[in-house]
S.K.: 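Can you keep this structure in mind? I'll have questions shortly.
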Amino acid sequence: MADSSVSFLLDKLTSLLQEEVNLQKGVREDVEYIKDELECHKAILRLADALEDKDPEVKTWVKRVRDICHDMEDAIDEFNLRLVDQHRQGNNFSFHKVVFALKTIIARHRIGSDIQGIKSKVDNISQGRPNIISGIGSSSSRRLSSSLDSQGDALLLEEADLVGVDKPKKQLSDLLFNEEPGRAVIPIYGMGGLGKTTLAKQVYDDPKVKKRFRIHAWVTVSQSFKLEELLKDLVQQLHNVIGKPAPEAVGQMKSDKLKEVIKNLLQQSRYLIVLDDVWHVKMWDSLKLALPNNNRGSRVMLTTRKKDIALYSCAELGKDFSLEFLPEEEAWSLFCRKTFQGNPCPPHLEEVCRNILKMCGGLPLAIVAIGGALATRNRANIEEWQMVCRSFGSEIKGNDKLEDMKKVLSLSFNELPYYLKSCLLYLSIFPEFHAIEHMRLIRLWIAEGFVNGEDGKTLEEVADSYLNELLNRSLLQVVTKTSDGRMKNCRMHDLLREIVNLKSKDQNFATIAKEQDIIWPDKVRRLSIINTLHNVRQNLTTFQLRSLLMFALSDSLENFSIHALCSTGYKLLRVLDLQDAALEVFPAEIVNLYLLKYLSLKNTKVKNIPSSIKKLKHLETLDLKHSYITELPVEIVELQRLRHLLVYRYEIESYAYFHSRHGFKVAAAAPIGRMQSLQKLCFIEADQGSKTLMIELGKLTQLRRLGIRKMRQEDGAALCSSIEKMINLRSLSITATEDDEIIDIHNISKPPQFLQQLYLSGHLENFPHWISSLTNLVRVFLKWSRLKEDPLVHLQDLPNLRHVEFLQVYVGDTLHFKAKGFPSLKVLGLDDLEGLKSMIVDEGAMPGLKKLIIQRCNSFKQVPLGIEHLTKLKTIEFFDMPKELITALRQKGGEDYWRVQHVPVVYSAYWRDGGWAVSSVETFGEIESDSTPSAARRSLELPTLWKV
């Protein structure tokens, strides 16, 4: 991956030469010389990456190139740091001006000396460059842009990738549905990459399975599981599915108590628990006693690579389920689907493609990976494909399938352009059990400097295209998506993760401190600390930190100090991510990290941000979500490179509680319009000096997402004027001061045409008609609008609207969904529409609706007329609805059951005797007194409404 280091450095050198930097005489020429020499080396580095594991000479040379790149990067960053420090000390007094000038000269002299030393090293590597192959750099380095669909092809080994999945899926489902009353364990085992997790997920997500096993949970175990954390996760999932908050005491419980809690939750229920990626017998021994054999037909699915674990886990009662390698023709079908997007293989490529396919050994993950790498190849040039076949074949020796898999994915990795290699390697800093937030990853990539600017695109949009490219190459998999199809979390497949971690360690890309016996490299540039700080302290390595991230720390950070952690080499930090840390006070030393671009204190207990934060002139992301910050100093406006300012916290008492979300205040006189780089600003509280604030917001023309709390009616006109200037706005959330305060945003003559998400909480005298022109709208959530006119009239023709939720929105008695209306709607939620008595669905309305939620509509006693026309419905959930409606839907004797009999899952939930009772339309008998309101109801809860 040295070509990545070189390319990254070349970008920095170009920037250094383009900037008006007064370098010493001769230094600029030296920089240009180094740049030209590295450009020459770049041509062979791509091939060197593939050969360095086999050729010690090549490996040594590549390491020298990488070290020189790091030294040059250090010299540039230290020079910039000195200039920042000296500029900060400069002022209007003549004596200090002289001192400032002298220190600037010293800085220029230091970088000149550093660059001369680096120039000498570059000469040495140029003379010692190995002669690998002549004539490289032609067609092998050319790439075509992928035309794969990032939505349909995003999941690694999806059901579409598992050729012949119907048979094993049915077999597995039959094992779940058999009449054996005892708790049965069904282990799915086989080599990594065969699709064990994917098959289990297909079965687990089947609506019929969810209907049979109302109590269910999916637990990813991983190789280095921590039992208490795993048990806490399971407790939380079980409480989520039964619709009750987990007790606060769970966080302090030990393993034995947690097991007792789980057992009590499951004792009276038929449950399905999936344990994904089990590596150790002791894990099953530790957990099985918490999963009661309650003779209700409960099931445990378990995926593992180890046959002994599979046989051991199902020894008492159960049946193992092994996956096999794909037969030749099914493998060929999958290969063509991934390589040629489902089209036939061109005849002139068939021979070479079948030879490549043989090397995959019928392993689905290998086929998907190499197919993704080949998808961007020039199909007209057979030489490119033959070259892949030749180099691929030379990599594979023997019959060790795991080693074969590693080599296949290594080839897929080596085929990546340099900017994607850095991005993929960066995922190694996250713990193996960690689902990686989409936007968090993008912001980190940008802060690290991995994202190159492209004309007409923001860096975030470019980074998103990188992520989609990795998805299209089947190097990442989507974990969760939003209701409108956007990715929320992603991860690497575990075998790919092994390969990436090995490369990261070998190339000293990142250091992962999660074990006490870690072998530290000579120099640490990126440090990921997992579980505890004790693994970092008192080692003799040299820190040259650019990034410091912490995950799942059990340590108290009451007196946290970066200096105590690593006494030197941290002042060049670009990334500091302390998310979820037990931190209560803002660490004062942070404000001296002048080059810092990314700072996260998300989910900490920090209450105050000092005014000295203004020193962080390079800061681009400030993530204070779910911290205790309620006010920011006026000096925040001096951070004029800030792109993402995220400050809010939720109260989880009720999704329908008006004051559930807290934002932040800033001084009324703060000229927030100076922060011209802002793309995301949420949630700013506008009840103090709000008119001035509304005017200032109009200067933020780069805003993509804006969240406003506590808006007053009289400031609506000023906000409308500002919104008209926000031509890049994608998401807008406005909440009034109280639920009866009018949101006056009607007078927008030029609405932001790219707007995709709209959230309005407060009284609307009339429906804002400009909303009807927003053809890109995907989500509309309206709360406490209390409209007298039917809102459907204004929304039904929007072509891309996928998710609509209403809470106290309409005071009329009928909602009429007309034919051809809402052509793309997938989720519809109606809550607390007090006057609503009926709902009419014309044939042809909402043709793609998958989920319908109707809640707390006390006058709604009739089954929605025409609901039988909604043939794509997967789930209907009624919460706290009149008994007349529920009775009419009973399978036995319900006069309107025929209208919903095509829907796989229909539930009714209601409050009884201090707990939720749930029933299915098949029996409408009470299941449990403490059972759940709906999964759909949870989709309405506040934390999912605003994803930033």
Side-chain angles (χ1 to χ4, degrees), residues 77-78 80-89 429 440 443-444 446-449 513 524-529 533 536-537 543-551 553 555-649 664 666 675 677-678:
D77 285 348
E78 288 175 2
N80 289 332
L81 180 62
R82 290 190 180 94
L83 291 183
V84 169
D85 190 33
Q86 289 145 21
H87 179 71
R88 183 178 63 86
Q89 297 176 17
I429 68 175
R440 181 186 189 184
R443 292 169 192 146
L444 285 168
I446 292 172
E448 293 282 358
V524 176
R525 298 183 73 79
R526 296 183 184 90
L527 178 60
S528 175
I529 303 174
L533 295 173
V536 181
R537 295 180 173 128
F543 288 100
Q544 293 178 318
L545 283 183
R546 293 302 191 280
S547 307
L548 175 61
L549 301 95
M550 300 181 183
F551 299 92
L553 287 191
D555 310 76
S556 170
L557 297 186
E558 182 177 353
N559 298 308
F560 173 70
S561 167
I562 303 174
H563 178 76
L565 193 66
C566 45
S567 57
T568 59
Y570 64 88
K571 290 190 175 181
L572 300 182
L573 269 174
R574 290 189 292 249
V575 169
L576 180 60
D577 193 330
L578 303 178
Q579 178 172 329
D580 299 315
L583 191 66
E584 296 187 8
V585 179
F586 184 91
E589 60 192 329
I590 288 178
V591 299
N592 294 319
L593 303 175
Y594 304 126
L595 301 183
L596 197 66
K597 292 186 175 183
Y598 181 102
L599 174 60
S600 176
L601 300 175
K602 180 179 177 181
N603 287 336
T604 67
K605 295 182 180 179
V606 173
K607 299 179 182 64
N608 297 296
I609 298 295
S611 59
S612 53
I613 198 171
K614 66 182 181 181
K615 297 179 182 179
L616 304 180
K617 300 294 186 183
H618 291 81
L619 197 63
E620 296 175 350
T621 293
L622 180 58
D623 190 348
L624 304 175
K625 292 182 292 187
H626 310 301
S627 68
Y628 290 1
I629 304 295
T630 59
E631 187 170 354
L632 291 180
V634 67
E635 288 82 4
I636 196 73
V637 302
E638 297 189 33
L639 302 183
Q640 295 181 24
R641 296 191 185 188
L642 201 62
R643 304 164 72 88
H644 306 279
L645 180 55
L646 312 172
V647 194
Y648 60 85
R649 178 169 54 89
F664 72 94
V666 68
M675 304 175 75
S677 298
L678 272 182

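Positions are given from 1, in the same order as the sequence printed here. Just the heavy atoms: all of them, side chains too, but no hydrogens, waters or symmetry mates, feed the values below.
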S.K.: Do Asp577 and Tyr598 touch side chain to side chain, with heavy atoms closer than 4.5 Å?
M.R.: yes

S.K.: Roughly how far apart are His626 NE2 and Leu646 CG, rounded to 0.5 Å?
M.R.: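 With rounding to 0.5 Å, NE2 (His626) is 10.0 Å from CG (Leu646).
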
S.K.: Enter the distance from Arg574:CZ to Leu595:CG here, rounded to the nearest 0.5 Å.
M.R.: 8.5 Å

S.K.: Using modelled atom types and a 3.5 Å cut-off, is there a donor and acceptor pairing between side-chain atoms of Ser677 and backbone atoms of Gln640?
M.R.: yes

S.K.: Is any side-chain heavy atom of Leu622 closer than 4.5 Å to a side-chain heavy atom of Ile609?
M.R.: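 They are not in side-chain contact.
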
S.K.: Can you list the steps and then say if Glu638 with Lys617 is a salt bridge (charged side-chain N to carboxylate O under 4.0 Å, His left out)?
M.R.: CA-CA 7 Å; Glu638 297 189 33; Lys617 300 294 186 183; 3.3 Å; yes

S.K.: Rounded at 0.5 Å granularity, tell me how far OG in Ser627 sits from CZ in Phe664.
M.R.: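 With rounding to 0.5 Å, OG (Ser627) is 11.0 Å from CZ (Phe664).
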
S.K.: Tell me the closest heavy-atom pair linking Leu578 and Leu601, and the distance in Å.
M.R.: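 In terms of heavy atoms, the two residues are closest at CD1-CD2, 3.9 Å.
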
S.K.: Yes or no on side-chain contact (heavy atoms from CB on, under 4.5 Å) for Asp580 and Leu553, after CA distance, side-chain angles and deciding distance?
M.R.: CA-CA 8 Å; Asp580 299 315; Leu553 287 191; over 6 Å; no

S.K.: side-chain contact (heavy atoms from CB on, under 4.5 Å), that's the test. Do Leu572 and Gln544 meet it? Break it down for me.
M.R.: CA-CA 8 Å; Leu572 300 182; Gln544 293 178 318; over 6 Å; no

S.K.: Heavy atoms only: give me the nearest Leu545-Leu527 pair and the separation to one decimal.
M.R.: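 Nearest heavy atoms, Leu545 then Leu527: CD2-CB, 3.7 Å.
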
S.K.: For residues Val591 and Phe586, determine if any side-chain heavy atom of one lies less than 4.5 Å from a side-chain heavy atom of the other.
M.R.: yes

S.K.: Check the pair Phe560, Leu583 against side-chain contact (heavy atoms from CB on, under 4.5 Å), reporting the backbone distance first and the verdict last.
M.R.: CA-CA 8 Å; Phe560 173 70; Leu583 191 66; 4.0 Å; yes

S.K.: For the NZ atom on Lys605, are there more than 12 heavy atoms of other groups (residues, nucleotides or ligands in this structure) within a distance under 6.0 Å?
M.R.: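 Atom NZ in Lys605 is not packed in, count stays at 12 or less.
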
S.K.: If you round to the nearest 0.5 Å, how far is CZ of Arg641 from NZ of Lys597?
M.R.: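 Reported value, rounded in 0.5 Å steps: 7.5 Å.
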
S.K.: Please tell me if the side chains of Leu533 and Met550 come closer than 4.5 Å, counting only heavy atoms from C-beta onward.
M.R.: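 Heavy-atom side-chain distance check passes, below 4.5 Å.
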
S.K.: Shortest non-hydrogen contact from Ala581 to Thr604?
M.R.: O-CG2, 3.6 Å

S.K.: Is any side-chain heavy atom of Leu548 closer than 4.5 Å to a side-chain heavy atom of Ile529?
M.R.: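 In contact.
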
S.K.: Under a 4.5 Å cut-off applied to non-hydrogen side-chain atoms, are Ile562 and Leu593 in contact?
M.R.: yes

S.K.: In Å and rounded to the nearest 0.5 Å, what is the CD1 to CD distance from Ile636 to Glu631?
M.R.: 12.0 Å

S.K.: Among Arg525, Lys571, Arg546, find the residue that satisfies the salt bridge (Lys or Arg N to Asp or Glu O under 4.0 Å) test when tested with Asp77.
M.R.: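 Single salt bridge (Lys or Arg N to Asp or Glu O under 4.0 Å) partner of Asp77 among Arg525, Lys571, Arg546: Arg546.
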
S.K.: Using modelled atom types and a 3.5 Å cut-off, is there a donor and acceptor pairing between side-chain atoms of His644 and backbone atoms of Glu620?
M.R.: no

S.K.: Where do Asp623 and Arg440 land on the salt bridge (charged side-chain N to carboxylate O under 4.0 Å, His left out) test, with the steps shown first?
M.R.: CA-CA 9 Å; Asp623 190 348; Arg440 181 186 189 184; over 6 Å; no

S.K.: Is the shortest heavy-atom distance from the side chain of Leu632 to the side chain of Ile613 under 4.5 Å?
M.R.: no

S.K.: From Leu642 CG over to Thr621 OG1, what is the distance, rounded to the nearest 0.5 angstrom?
M.R.: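 One finds 7.0 Å between CG of Leu642 and OG1 of Thr621.
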
S.K.: What closest approach, in Å, do Ser611 and Glu635 show between heavy atoms, and which atom pair accounts for it?
M.R.: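 Scanning both residues, the minimum pair turns out to be CB-OE1, 3.3 Å.
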
